[in-house]
Protein chains: 2
Amino acid sequence: MSVEREKLKQIRGEFVAQWGALGTQWGINRTMAQIHALLMTSPTPLSTDEVMEELEISRGNAHTNLKELVAWGLVRMVVRKGERRDFFEAEKDVWTIFTTVARERKRREIEPALTVLSQCADGSEEMTTPEGKAFHDQVRQLQDFVAFASKMADRISGMKHGFAVQMATKLLG
Amino acid sequence: MSVEREKLKQIRGEFVAQWGALGTQWGINRTMAQIHALLMTSPTPLSTDEVMEELEISRGNAHTNLKELVAWGLVRMVVRKGERRDFFEAEKDVWTIFTTVARERKRREIEPALTVLSQCADGSEEMTTPEGKAFHDQVRQLQDFVAFASKMADRISGMKHGFAVQMATKLLG
DNA sequence: TCGAATTTTCAGGAAATATTGAAACCAGAT
DNA sequence: ATCTGGTTTCAATATTTCCTGAAAATTCGA
């Protein structure tokens, strides 16, 4: 039934394209998102050349973004015995994907913010004018909140899937 | 004590600059983040001209980004009686800021993803080949998870601050 | 209705990011 | 030592995003 093959190819292409478009919204580049979508829905690991061909992109681009995905922990390199070139496969478990992304974003977005906030809160600690106190106060509140959110993120992304769902269900119920 | 005035000005400038740099990491533009930082730590509402001067940016830029912040719900326009021009003040309560950002990001990032996932899940519903089923399955799992996360986000950002903290404390404890 | 003060829009330039393509590099087989 | 199939790097280019500055529009008092 080659009709279904065709349909699958087409809808998968759709998925890859749209996921790529979403990626830009998310602040990650289109190619990276596309490769991720491609690998997540690939029944087998793919080589760099297959990725290049499927997405019609250059070798350099494919290479760079595959490396980046590996750095994020969303994709791993696998070696097939008897094969000389590298293959890549994506993590498919949604909870694992989620915690990986959460950890990475925390590292890139939350932690630098905390550094800035701490610096500024500390640097304005001793101020005595009303303006100085107000500034310190506001920054301090931000700092406390972000630190708190950071801890929460750790807790949640450290949970086992089942436990998280259980907890959430209670919350949603 | 003009020394402290000077120091405040300087550290506040630091904060604004660094927050702006962070903004780019977050996927929002530098100017917008800077204006936000400026208004969050301003004891009084500021006019467009004051923002322009403080950040050394053009009127167009100031205007566009102030509007954008208003659209996000992080800043509101206020009118001072007797004053013809508009003034702007930022929301300062951290929990309110958080829920506002959460809602906005959900709208911009989660919801479009859900649309894509639903389309692709539905479009591959009836597939019978192993590959087709696997594709459907993977997309469906993503869909379920994102839908779930979406609901969670609603719940949390609908909470009163106190309740959220209480809940979180139990979680962290 | 006119004019001054202010806001809004937007074409064009500047800056930042992503992508290409080709050369340099590397490892194993001969 | 050299060849072959493959990976990695990176300068040049293309694309996207941001910002400016000035013109057009709006508001409001006189």
In whole angstroms, how far is the P atom of dT8(C) from the CZ atom of Arg85(B)? 14 Å

Separation of Arg80(A) atom CZ from dG6(D) atom P, in whole Å? 13 Å

Dump the intermediate steps for side chain to side chain contact (heavy atoms under 4.5 Å, CB included) on Thr48(B) and Asp86(B), then the final yes or no. CA-CA 7 Å; Thr48(B) 303; Asp86(B) 298 336; 5.6 Å; no

Would you mind reading off the distance between Asn65(B) atom CG and dT7(C) atom C1', rounded to a whole angstrom? 15 Å

Answer yes or no: is there a donor N or O on one side and an acceptor on the other, between the side chain of Asn29(A) and the main chain of Met32(A), under 3.5 Å? yes

Interatomic distance, His63(A) NE2 vs dG21(C) P [rounded to whole Å]: 17 Å

The residue, Glu83(A) or Ser58(B), whose nearest nucleotide of DNA chain D is more 5′ is Glu83(A)

In one Ile/Leu/Val/Met/Phe/Trp/Tyr side-chain cluster, 4.5 Å: Trp72(B), Trp95(B): yes

Are any side-chain N or O atoms of Arg12(B) and backbone N or O atoms of Leu38(B), one a donor and one an acceptor, separated by less than 3.5 Å? yes

Under the side chain to side chain donor-acceptor pair (under 3.5 Å) test, which residues partner Glu53(B), sequence neighbours left out? none

Going through the distances and angles, do Met52(B) and Arg59(B) end up as a side chain to side chain contact (heavy atoms under 4.5 Å, CB included)? CA-CA 6 Å; Met52(B) 286 167 60; Arg59(B) 179 173 306 284; 3.7 Å; yes

Figure out the CG/P separation between Leu66(A) and dT19(C), and round it to whole Å. 13 Å

B/S/- contact track for nucleotides 22-30 of chain D, protein heavy atom under 4.0 Å: -----BB--

Atom pairs, protein N/O to nucleotides 13-18 of chain C N/O, distance under 3.5 Å:
none

Rounded to whole angstroms, how far apart are CE on Met77(B) and C1' on dT7(C)? 10 Å

For dT7(D) and Lys67(A) - does any side-chain N or O of the residue sit under 4.0 Å from the phosphate oxygens OP1/OP2? no

Rounded interatomic separation in angstrom, taking CG from Leu55(A) and P from dT20(C): 10 Å

Result of checking Leu46(B), Leu39(B), Ile35(B) against Phe88(B) for side-chain contact (heavy atoms from CB on, under 4.5 Å): Leu39(B)

With side chains defined as the heavy atoms from C-beta onward, is the minimum distance between Leu22(A) and Pro112(B) less than 4.5 Å? yes

Could you tell me the separation between the CE atom of Met52(B) and the P atom of dA5(C), rounded to a whole number of Å? 16 Å

Contact check, side chains of Gln34(A) and Phe15(A), non-hydrogen atoms, under 4.5 Å: no

